[in-house]
Amino acid sequence: MKIAVIAGDGIGKDVTAEAVKILNTVSSVFGRPIALEHLPWSADHFLKTGETLPANGYDLLRSFDAVFVGALGDPRVTDNRHARDILLGTRFELDLYVNYRPVKLLDDRLSPLKDRGRKDINFVVFRENTEGVYVSIGGRFKAGTEDEVAIQEEINTYKGVHRIIKHAFDFAAANGLTKVCMADKSNAMQQGHALWQRVFKALAPQYPGITATHQYIDALAMFLVKDPGQYQVIVTNNLFGDIVTDIGGALQGGLGMAASGNIHPGKTSLFEPVHGSAPPLAGKNVANPIGAILSTALMLDTLGAREEAKAIEAAVEAAVAQGHTTTDVGGSLGTKEAGDAVANFIKKEPATFLRKP
Ligand SMILES: NC(=O)c1ccc[n+]([C@@H]2O[C@H](COP(=O)([O-])OP(=O)(O)OC[C@H]3O[C@@H](n4cnc5c(N)ncnc54)[C@H](O)[C@@H]3O)[C@@H](O)[C@H]2O)c1
């Protein structure tokens, strides 16, 4: 496996070091080579060279089996240009239409909800990743005056809506899940979201074993907090998915715990923790590396290295259960030590982990 690694900015660098540690660990334990190539693309690189990514940057990324990203965002780059080119640009250019974000509570102790635990918080969110309001179509007229007009269009195409909803149903069917919930705002956004309604209703009957339900996004946000146990698979658009997966991160114990994949099935895909670069925490050995580490498990699983992925997930679970974590999730370790704890579990007893369901 040939992986491009973009550590990026802020705590992206800190957590990527631990993700790399884990990739090297599973490679040596399981004997499957993983070649990592570090790309320097970041705010530092942009400020030094004026380049966000090179002219052939997206083609270069396509030459890898997968891309791992830490996080991008730096207060010195006020228009966030480098992050937009590197992260959003890659999502669009590589057509990574599936944003896959599992929300799984690893220990009851981390639940922010009263009387809700592991049995209640275990679902996945599929966020459409290439359309919606993030395509940056629009403009500003009379900017800076009291007559300013700002237009930001939301794009929904049949192809884009169909492929993400189909992916959610296919995922449920392939994983023995029986419930898919689509969330939109079709009561208020009657053009674009009528398309989501039409496609969802047309696809649902093709999956007779799956109960297809619909919720307006505001109701879904409320139910995620009140009754998250009702969900197995959620599918929604780019903006709503961005927001509800931060709620998902909180349900897992904090943003530092959440992993994600930006996927085009069968093509080069990008994996990253859900959190950002958290500048105040950068370089202090305090950031939680678990979201980044679990993102490597998603990446390996997607590339077919299922045993390695399972071993990482089991090792993270063991580390969390035994409190070998950073302070944001109740432990007392630094970033490096929390990464070591996971690596040690993988080294110690990979076979034991694999026997677990
Ligand atoms: N995918 C990405 O690269 C990505 C995602 C979101 C935000 N950003 C960028 O990151 C920068 C900071 O954004 P923000 O502050 O809104 O979001 P953030 O995710 O960086 O931080 C939000 C909060 O969560 C905490 N947090 C996040 N990750 C953590 C971790 N691993 N361990 C412990 N605590 C953690 C931080 O302390 C902070 O309080 C901005 O430039 C933003 O544009 C990048």
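First listed ligand is number 1; within each ligand, the first listed atom is number 1. What you see is a predicted model; the values in this text were computed from it and never measured.
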Using side chain to side chain contact (heavy atoms under 4.5 Å, CB included), reason through Asn237 and Trp196 one step at a time and then give a plain yes or no.
CA-CA 9 Å; Asn237 70 23; Trp196 281 77; 3.5 Å; yes
Does Thr49 have any side-chain contact (heavy atoms from CB on, under 4.5 Å) partners at least two apart in sequence or in another chain, and if so, which?
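Partners of Thr49 under the side-chain contact (heavy atoms from CB on, under 4.5 Å) test: His45, Glu51.
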Select all protein residues for which some heavy-atom-to-ligand 1 distance is less than 4.0 Å, and list them by chain and number.
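Correct list: Ile11, Ala71, Leu72, Gly73, Asp74, Asn80, Leu87, Leu255, Gly256, Glu272, Val274, His275, Gly276, Ser277, Ala278, Pro279, Leu281, Ala287, Asn288, Asp328.
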Heavy-atom side-chain contact between Phe169 and Phe200 under 4.5 Å:
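Contact flag for Phe169/Phe200 side chains = yes.
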How about Asn238 and Asn129: do any of their side-chain heavy atoms sit closer than 4.5 Å?
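Side-chain contact under 4.5 Å: yes.
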I'd like to know if Ile243 and Val98 are part of one continuous hydrophobic network [Ile/Leu/Val/Met/Phe/Trp/Tyr, side-chain heavy atoms within less than 4.5 Å].
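Yes: a chain of side-chain contacts under 4.5 Å links Val98 to Ile243.
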Given Ile137, Val133, Val135, the one that forms side chain to side chain contact (heavy atoms under 4.5 Å, CB included) with Glu153:
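Result for side chain to side chain contact (heavy atoms under 4.5 Å, CB included) with Glu153: Ile137.
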